[in-house]
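Naming convention: chains lettered A, B, ... in sequence-line order (proteins, then strands); numbering from 1 in each chain.
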Amino acid sequence: MDKFAIKKRKVPGKPGELRERRGGRRRRTGTPPPLTLLSTDVRPVWRHVAAEGLDCDYAVIFTRSEADDIFLRLEEELEYFSGDLSRVQVYGKWYQIPRKQVAHGDPRLTYKYSGVTLSPKPWLPVLERIRERVRETTGHVFNFVLINRYQDGKDHIGEHRDDERELEQGSPIASVSFGASRDFVFRHGSARGGGSRRRQGRLEPIKLLLEHGGLLLMNHPTNVHWYHSLPVRKRVLAPRVNLTFARSCVSARIDRDGRPPLQSFPPPARTKSLHSGQR
DNA sequence: CTCTTTCAATCGC
DNA sequence: GGCGATTGAAAGA
């Protein structure tokens with residue numbers, strides 16, 4: 001709790017109001033500080049990423065050793081969705097999604113992804129540790145996290161916007177990365193689709209490198225007009241785990257008489273949406 | 001009922 | 001290796 005010593009102070013150009021205390025005297029020669037202090041003695045350096053309708057902040061918020069430790073724990077402890085929850089239909093054909101995916105969050109929240117309603121699994125200590133650091137560095141509290149694991153550079157995610165309809169109005173989305181660095185691309189909605197190359201005055205794509213221990217904060221209204229993707233990178237051979245934190249306001253329907261909703265996992269199939277055979 | 005949005009692989013350059 | 005264009009059924013507004 002006091003490991004990542006911070007104190008409140010307004011700092012221009014920062015996404016949050018919090019900033020770590022500067023501890024310059026710690027690096028005296030001959031008296032190395034305890035490893036736990038050394039490993040967290042980092043002040044995040046924020047980079048603001050802005051364009052027309054795009055407002056993001058990026059910083060590495062974990063030291064190398066913290067990130068190494070967290071990455072190992074994530075690899076050991078996470079169990080990703082499988083079966084119907086990891087398949088998607090595109091242009092009439094069914095595919096395994098080109099990555100692994102799992103959701104954790106407060107009980108009774110739901111999350112819709114490509115027509116499938118996911119119930120998040122309960123929080124794990126390593127996830128709460130990450131969430132707490134994000135809160136310390138941004139001032140925002142999140143109640144849900146969608147985790148994507150990219151085995152190597154062939155795993156990817158196509159262009160999409162994060163659906164803000166289910167999020168609390170105006171709340172940002174925090175994307176935290178561990179493992180291999182990967183390119184990340186924003187494209188404006190008007191720059192997509194056929195013929196867009198010829199259009200004058202179009203907005204150029206914005207490319208970022210998401211690093212081990214890095215946090216990308218996507219502020220409103222970024223996700224309204226800008227799409228983002230994690231493109232294939234054939235030369236990347238190592239895995240990356242990404243955690244997208246959000247503040248959801250969608251609790252499972254019911255609540256009419258305060259009855260706790262039964263965990264629907266998988267949700268009762270109201271439609272035939274998960275079956276490829278029937279046609 | 002109509003309209004909009006969404007996903008990933010494949011092919012050509 | 002990378003990028004743009006192309007492929008449609010299903011869901012939700």
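- With sequence neighbours left out, the ring-ring contact (aromatic ring centres under 6.0 Å, His included) criterion links A:Y150 to no other residue.
- Each of A:P205 and A:V90 was assigned the nucleotide of DNA chain C with the nearest heavy atom; the assignment lying further toward the 5' end belongs to A:P205.
- Judged by a 6.0 Å distance limit and a 45° cone about the ring axis, A:R131 is positioned over the six-membered ring of A:W123.
- Listed nucleotides: C:dA13, B:dA8, C:dA9. Nearest to the side chain of A:I157: B:dA8.
- For C:dA5, the OP1/OP2 oxygens have no side-chain nitrogen or oxygen of A:R192 closer than 4.0 Å.
- Look at CG on A:D84: it is 17 Å from P on B:dC7, rounded to the nearest Å.
- Every residue meeting the side-chain hydrogen bond (donor to acceptor under 3.5 Å, both in side chains) condition with A:R247, not counting sequence neighbours, appears here in chain and number order: A:E168.
- For A:E75, the salt bridge (charged side-chain N to carboxylate O under 4.0 Å, His left out) partners two or more places apart in sequence, or in a different chain, are A:R149.
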Can you name the atoms? Protein N/O to nucleotides 9-13 of chain B N/O, anything below 3.5 Å, with the distance.
unit_1 : atom_1 : unit_2 : atom_2 : d
B:dA9  : OP2    : A:H156 : NE2    : 3.1

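- For A:F142, there are no ring-ring contact (aromatic ring centres under 6.0 Å, His included) partners two or more places apart in sequence or in a different chain.
- A:S175 is linked by a side chain to side chain contact (heavy atoms under 4.5 Å, CB included) to A:L216, A:M218, A:N242, A:T244, counting only residues two or more places apart in sequence or in another chain.
- Between A:H228 and A:F184, the distance from one ring center to the other falls under 6.0 angstrom.
- To the nearest angstrom, C1' of B:dT6 lies 17 Å from NZ of A:K93.
- Regarding A:R187, its CZ atom lies at a distance of 13 Å from the C1' atom of C:dG2, rounded to whole Å.
- Within the structure, every side-chain polar atom (N or O) of A:Y227 is placed at least 4.0 Å from both OP1 and OP2 of B:dT5.
- With rounding to whole Å, A:F184 atom CZ is found 18 Å from C:dG2 atom P.
- Regarding A:R161, its CZ atom lies at a distance of 7 Å from the P atom of B:dT5, rounded to whole Å.
- Contact check, A:R233 against C:dC3: a side-chain N or O comes under 4.0 Å of OP1 or OP2.
- As rounded to whole Å, 9 Å separates atom C1' of C:dC3 from atom NZ of A:K207.
- Here A:R235 reaches the OP1 or OP2 of C:dG2: one of its side-chain N or O atoms lies under 4.0 Å away.
- One finds no side-chain N or O of A:R87 lying less than 4.0 angstrom from the OP1 or OP2 phosphate oxygen of B:dC7.
- Rounding to whole angstrom units, CZ of residue A:R165 and C1' of C:dA13 are separated by 8 Å.
- Set against C:dG8, C:dG12, C:dA10, the side chain of A:Y91 has C:dG8 as its closest nucleotide.
- Rounded to whole Å, atom C1' of B:dT5 lies 15 Å from atom CG of A:N223.
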